[in-house]
Peer 1: 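Let me give you the structure first, and then I'll get to my questions.
Side-chain atoms are counted along with the backbone in the values below, which use heavy atoms only and exclude waters and symmetry mates. Nothing here was measured: the structure is a model prediction, and the numbers come from that model.
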Amino acid sequence: MSDKKLTRAEKRALAEKRALAKRKKQMQSIGIMVLGLLIIASGIVLVSFIQPKLSSASEYDYSLATGNSIGEPNAPLVIEVFSSFGCVHCRDFAVETEQQVFDNYVKTGKVFFIYRSFNNPADRLGIAAQAAYCAGDQGKFWEMHDLIFANFSATGYSDKQLSKMVETLELDTDEYDSCMESGKYVGTVETDAKLGTTAGVTGTPSFTFNGELTVEGNRDFAAFQAQIEASLAAIEN
């Protein structure tokens with residue numbers, strides 16, 4: 001039946017029906033576009049969530065560092081800190097006190113400072129310690145140490161987080177990956193823990209002065225300084 005044989009009312013109804021169908025088609029197209037935009041936006045959010053965002057670490061001058069040690073090896077006082085990247089008190093010492101010790105005693109040749117991990121090498125915190133040692137192969141142990149503590153986690157750090165830190169420090173990722181995959185520093189982390197246990201360490205942070213357990217727990221710089229001065233005075237006498 002053609003439009004010419006329809007009544008005026010029928011023609012109006014047909015026109016309305018066609019207009020409704022057109023609007024429905026337009027709405028479907030808009031819906032598809034909106035859905036596509038939502039999918040894209042969701043993907044962006046998901047990628048942002050998956051990619052770890054890092055807090056930056058301080059830009060300290062570690063020119064006197066060699067691996068996990070810093071300073072003059074023949075300094076009269078050797079301080080070893082037994083630490084864990086999942087220990088909040090260790091983080092506090094690293095952030096608030098450690099660099100003051102370096103400025104006042106390491107750079108003046110009075111203290112040789114060594115970082116030692118006190119962890120199981122198989123858990124996520126022990127793996128973070130291995131990551132720092134692997135970064136040390138490229139001269140960035142202390143920078144990695146700072147970056148890990150700046151992004152502190154009591155439960156450990158994923159491989160993705162650690163790799164992101166390596167990229168942030170602009171290290172050779174292939175060299176780092178090879179180091180981690182080979183388990184090069186598993187034995188080092190084990191030895192660190194054994195040295196601590198032999199010295200009487202039961203918690204972190206703990207500090208040995210010339211091999212003797214001297215300070216247990218975090219201390220502010222003034223308290224730590226007093227202990228260093230007392231030890232140096234005893235050595236001189």
Side-chain angles (χ1 to χ4, degrees), residues 54-119 125 128-152 165-166 168-171 185 188-189 192 195-196 199 201 203-236:
L54 300 178
S55 297
S56 59
S58 62
E59 296 181 0
Y60 189 76
D61 175 17
Y62 287 115
S63 57
L64 295 178
T66 302
N68 60 313
S69 63
I70 182 168
E72 171 53 55
N74 294 321
L77 181 60
V78 177
I79 297 178
E80 295 173 277
V81 57
F82 291 86
S83 180
S84 169
F85 286 121
C87 160
V88 66
H89 300 298
C90 301
R91 186 275 310 274
D92 291 345
F93 174 79
V95 171
E96 298 167 3
T97 306
E98 196 169 67
Q99 291 177 3
Q100 294 183 74
V101 174
F102 294 170
D103 286 338
N104 288 274
Y105 294 101
V106 172
K107 290 184 176 180
T108 57
K110 296 178 181 179
V111 167
F112 182 56
F113 195 92
I114 304 171
Y115 179 96
R116 297 200 183 279
S117 166
F118 198 69
N119 290 112
L125 296 173
Q130 292 179 56
Y133 279 122
C134 284
D137 282 354
Q138 300 184 50
K140 295 287 185 178
F141 173 88
W142 290 99
E143 288 83 353
M144 187 70 167
H145 157 283
D146 288 354
L147 196 52
I148 293 173
F149 274 132
N151 293 274
F152 178 78
M165 294 179 197
V166 168
T168 299
L169 294 176
E170 299 181 347
L171 301 183
Y185 287 107
T188 300
V189 176
D192 283 350
L195 287 172
V201 172
T204 54
S206 290
F207 305 83
T208 62
F209 285 30
N210 286 344
E212 297 292 328
L213 182 60
T214 305
V215 177
E216 296 181 84
N218 184 26
R219 299 287 187 275
D220 62 20
F221 177 66
F224 210 79
Q225 183 177 37
Q227 188 62 62
I228 292 175
E229 291 291 348
S231 296
L232 288 172
I235 292 168
E236 291 175 0

Peer 1: Kindly assign one of parallel, tilted or perpendicular to the pair Y133 and F141, based on the angle between their ring planes and the thresholds 30° and 60°.
Peer 2: tilted

Peer 1: If the plane angle is over 60° it's perpendicular, under 30° parallel, otherwise tilted; pick one for H145 and F149.
Peer 2: perpendicular

Peer 1: Could you state the interatomic distance from CG (N68) to CD1 (I70), rounded to the nearest 0.5 Å?
Peer 2: 11.0 Å

Peer 1: Could you check whether any side-chain heavy atom of I79 comes within less than 4.5 Å of a side-chain heavy atom of I228, counting everything from C-beta outward?
Peer 2: yes

Peer 1: Mind running side-chain contact (heavy atoms from CB on, under 4.5 Å) on Q99 and Y62 for me, showing each step along the way?
Peer 2: CA-CA 10 Å; Q99 291 177 3; Y62 287 115; 3.3 Å; yes

Peer 1: Out of curiosity, T204 OG1 to N119 CG, how far, rounded to the nearest 0.5 Å?
Peer 2: 7.5 Å

Peer 1: Can you name the closest pair of heavy atoms from I148 and A128 and give their distance?
Peer 2: CD1-O, 3.8 Å

Peer 1: Can you check whether V78 reaches F112 side chain to side chain, under 4.5 Å on heavy atoms?
Peer 2: yes

Peer 1: Please give me the minimum heavy-atom distance between G71 and P73, naming the atom from each residue.
Peer 2: O-CD, 3.4 Å

Peer 1: Taking atom CG of L77 and atom CD1 of I235, what is their separation to the nearest 0.5 Å?
Peer 2: 5.0 Å

Peer 1: Can you tell me how far CG of D146 sits from CD of E98, rounded to the nearest 0.5 angstrom?
Peer 2: 7.0 Å

Peer 1: Let me confirm one number: the CG-CE distance from L171 to M144, rounded to the nearest 0.5 Å.
Peer 2: 7.5 Å

Peer 1: If you take all heavy atoms of A199 and G211, which pair is closest and at what distance?
Peer 2: CB-O, 4.5 Å

Peer 1: Nearest 0.5 angstrom please: L147 CG to K140 NZ, how far?
Peer 2: 11.0 Å

Peer 1: Tell me which one of Y115, F224, W142 satisfies ring pair (Phe, Tyr, Trp, His ring centres under 6.0 Å) with F102.
Peer 2: W142

Peer 1: Is a donor on one side and an acceptor on the other found under 3.5 Å between the side chain of S63 and the backbone of D61?
Peer 2: no

Peer 1: Do D137 and Y185 have side-chain atoms, one donor and one acceptor, less than 3.5 Å apart?
Peer 2: yes

Peer 1: So, Q100 side chain and E96 main chain: donor-acceptor pair closer than 3.5 Å or not?
Peer 2: yes

Peer 1: Please name the pair of heavy atoms, one in P76 and one in G109, separated by the smallest distance, quoted to 0.1 Å.
Peer 2: CD-O, 3.6 Å

Peer 1: Any side-chain heavy atom of F118 within less than 4.5 Å of one from D192?
Peer 2: no

Peer 1: Please name the pair of heavy atoms, one in E212 and one in T214, separated by the smallest distance, quoted to 0.1 Å.
Peer 2: O-OG1, 2.8 Å

Peer 1: Which atom names give the shortest non-hydrogen contact between F207 and V81, and what distance separates them?
Peer 2: CE2-CG2, 3.4 Å

Peer 1: Write out all pairs satisfying side chain to side chain donor-acceptor pair (under 3.5 Å) with one or both partners inside residues 218-228, taking only residues at least two apart or from two chains.
Peer 2: Y105-Q225

